[in-house]
Engineer: 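I'd like to ask you about the structure that follows.
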Amino acid sequence: MLDLSLRIGELLLASGEAAEDVEAAMLGIAHAYRLDHCEPQVTFTLISISHQPSLIDPPVTADRVVRRRTSDYTRLAAVYELVADITAEQVTVNDAYRRLAEIRRNRHPYPVWLMSAATGLLAGAASFLVGGRIDSTAWLVFVSAFTTAVVGDRLASAIARRGLPEFYQFVIAAMPAALCGILLSFNELHLRGSVVITGGLFALLPGRAMVAAVQDGLTGFYITAAARLLEVMYLIAGIIIGVMLVLYVGVNYNARLRPDESLGGTTSPPIQLVAAMVLALAFAMLLQTDRRSLPMVVINAAIGWSTYGVLTNNAGISPIVATGLAAGLVGLFGQLLARYRAASALPYVTAAIGPLMPGSALYLGMLAFAQGHAASGLVSASRAVALALALAIGVNLGGEVARLFLKNPGASDRDTPHALIPRRAAKRTRGF
């Protein structure tokens, strides 16, 4: 029973689930099999659980190391369904092991070629999102962003098979879009090379890890939050190094990059809304989201982007505040959808916040540093950090608002009063 809870917790944590929800799932499994005196402990790379039968008996402790992390939300949904059946006391331990083995053996829902195409589609949609308009060269920019993103994805996959760490994969994956943007800036067709570079950044930014890191910090899991934030910093550093190397060479050769190209504003809201929905769809496919959940993800992304557009364009609110409010709505509706389907909120939230990622601010900061404008670079970099924090905190706050008014999942009538009593201190469990 302890081993089963550990294996399920390992899959949840490896899929990007928050440490608090992993602990809640492990406690729910132990409680379903009548192991009431259990203490799970979740960190970034190690999961343990301890059971003490009585005050005079020594505790039994087991642990597992999380070595491999995946972005398969179809598998995550299957694990949540298994946890729901276990906590409803409908599955024996042997049956749970068999279902868990089947979940591990299941293949990804999308083939490799479709994943590469989704990477290109994400970057291409981002080019319309940040470009803000359709003109005579917009489709050429789209094709450029699509092609460079696919090339970067294939190069990263090639070096991944050689066993290089993920940091170097991000360095290599970021280079083709930056190189293409530099080459486009040397023409007289006004192909907007900055838009191509920004679109490539949208395809690489680690939004899933960033949201999980902030959520762990806000709920009291500081060790896991620090480790996840460090992971995000390394991945973003890889992106910055890959882009900066190319930008520095291009600027020295007088590349005519225009920062305002990646700040199209809301010149064409319908086009940008469609682009945001396509971006979220491609992002959801990259996260291996179940096909049945894709329409809800796209709708949630449309809600978030529409809210952001109305707040910034019509209400004149700061983009940072607007990002936080829009992300709060995304988190709220994502939590509601998750409760309705008794599943994780990650598939409905992570991809939906893709259009709100601070790709433009990050690019502007790198370009300013490459051009020798350190002050402007620091301002843009600080703005990117503020947007990222507003995004992550907004998502978490939206989920917490939903939990305030929803009954704990899996709580029956006889145990509802007990289930609704939160644990004192920063860490609390909601149960399943």
Engineer: Could you name each residue pair satisfying side chain to side chain donor-acceptor pair (under 3.5 Å) that touches residues 113-125, not counting sequence neighbours?
Structural biologist: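 Pairs touching residues 113-125 that pass the test: Ser116-Asp153, Ser116-Arg154.
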Engineer: Of all residues at least two apart in sequence or in a different chain, which pass the side-chain contact (heavy atoms from CB on, under 4.5 Å) check with Glu102?
Structural biologist: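 For Glu102 the side-chain contact (heavy atoms from CB on, under 4.5 Å) partners, ignoring immediate neighbours, are Arg105.
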Engineer: For Ala96, enumerate each residue passing the side-chain contact (heavy atoms from CB on, under 4.5 Å) test, keeping only those at least two apart in sequence or located in another chain.
Structural biologist: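 For Ala96 the side-chain contact (heavy atoms from CB on, under 4.5 Å) partners, ignoring immediate neighbours, are Leu4, Tyr33, Leu82, Ile86, Val91.
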Engineer: Would you say the side-chain atoms of Arg99 pair up with the backbone N or O of Tyr97, donor to acceptor, closer than 3.5 Å?
Structural biologist: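 Checking the backbone N and O of Tyr97 against the side chain of Arg99, no donor-acceptor pair under 3.5 Å is found.
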Engineer: How would you list, by chain and number, every residue that makes a salt bridge (Lys or Arg N to Asp or Glu O under 4.0 Å) with Glu10, sequence neighbours excluded?
Structural biologist: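 So Glu10 forms a salt bridge (Lys or Arg N to Asp or Glu O under 4.0 Å) with Arg64, Arg104.
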Engineer: Mind checking what makes salt bridge (Lys or Arg N to Asp or Glu O under 4.0 Å) contact with Asp3, not counting sequence neighbours?
Structural biologist: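 So Asp3 forms a salt bridge (Lys or Arg N to Asp or Glu O under 4.0 Å) with Arg7.
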Engineer: How would you list all residue pairs meeting salt bridge (charged side-chain N to carboxylate O under 4.0 Å, His left out) that involve residues 210-236, not counting sequence neighbours?
Structural biologist: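 Qualifying pairs: Asp216-Arg228.
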Engineer: Among residues at least two apart in sequence or on other chains, which ones pass side-chain contact (heavy atoms from CB on, under 4.5 Å) with His108?
Structural biologist: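 For His108, the residues satisfying side-chain contact (heavy atoms from CB on, under 4.5 Å) (neighbours in sequence not counted) are Asp72, Gln288.
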Engineer: Considering residues at least two apart in sequence or located in another chain, which fulfil the salt bridge (Lys or Arg N to Asp or Glu O under 4.0 Å) criterion with Arg341?
Structural biologist: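 Partners of Arg341 by the salt bridge (Lys or Arg N to Asp or Glu O under 4.0 Å) criterion come out as none, since no residue qualifies.
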Engineer: So, using side chain to side chain donor-acceptor pair (under 3.5 Å) as the criterion, who are the partners of Asp57 when residues are at least two apart?
Structural biologist: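 Side chain to side chain donor-acceptor pair (under 3.5 Å) list for Asp57, sorted by chain: Ser54.
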Engineer: Under 3.5 Å, side-chain donor or acceptor atoms of residues 165-173 against the rest of the protein: list the pairs with distances, not counting sequence neighbours.
Structural biologist:
unit_1: Gln169; atom_1: NE2; unit_2: Leu164; atom_2: O; d: 3.1

Engineer: Under 3.5 Å, which donor-acceptor pairs link side chains of residues 315-323 to any protein atom two or more places apart or in another chain?
Structural biologist:
unit_1: Ser318; atom_1: OG; unit_2: Ile320; atom_2: N; d: 3.3
unit_1: Thr323; atom_1: OG1; unit_2: Pro319; atom_2: O; d: 2.6

Engineer: Return yes if some donor-acceptor pair links the side-chain N/O of Ser15 with the main-chain N/O of Glu17 below 3.5 Å, else return no.
Structural biologist: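 No; judged by distance alone, with no hydrogens or angles, the pair does not exist.
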Engineer: Output every pair passing salt bridge (charged side-chain N to carboxylate O under 4.0 Å, His left out) with a member in residues 287-302, not counting sequence neighbours, ordered by first then second residue.
Structural biologist: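 Salt bridge (charged side-chain N to carboxylate O under 4.0 Å, His left out) check on residues 287-302 returns Asp290-Arg292.
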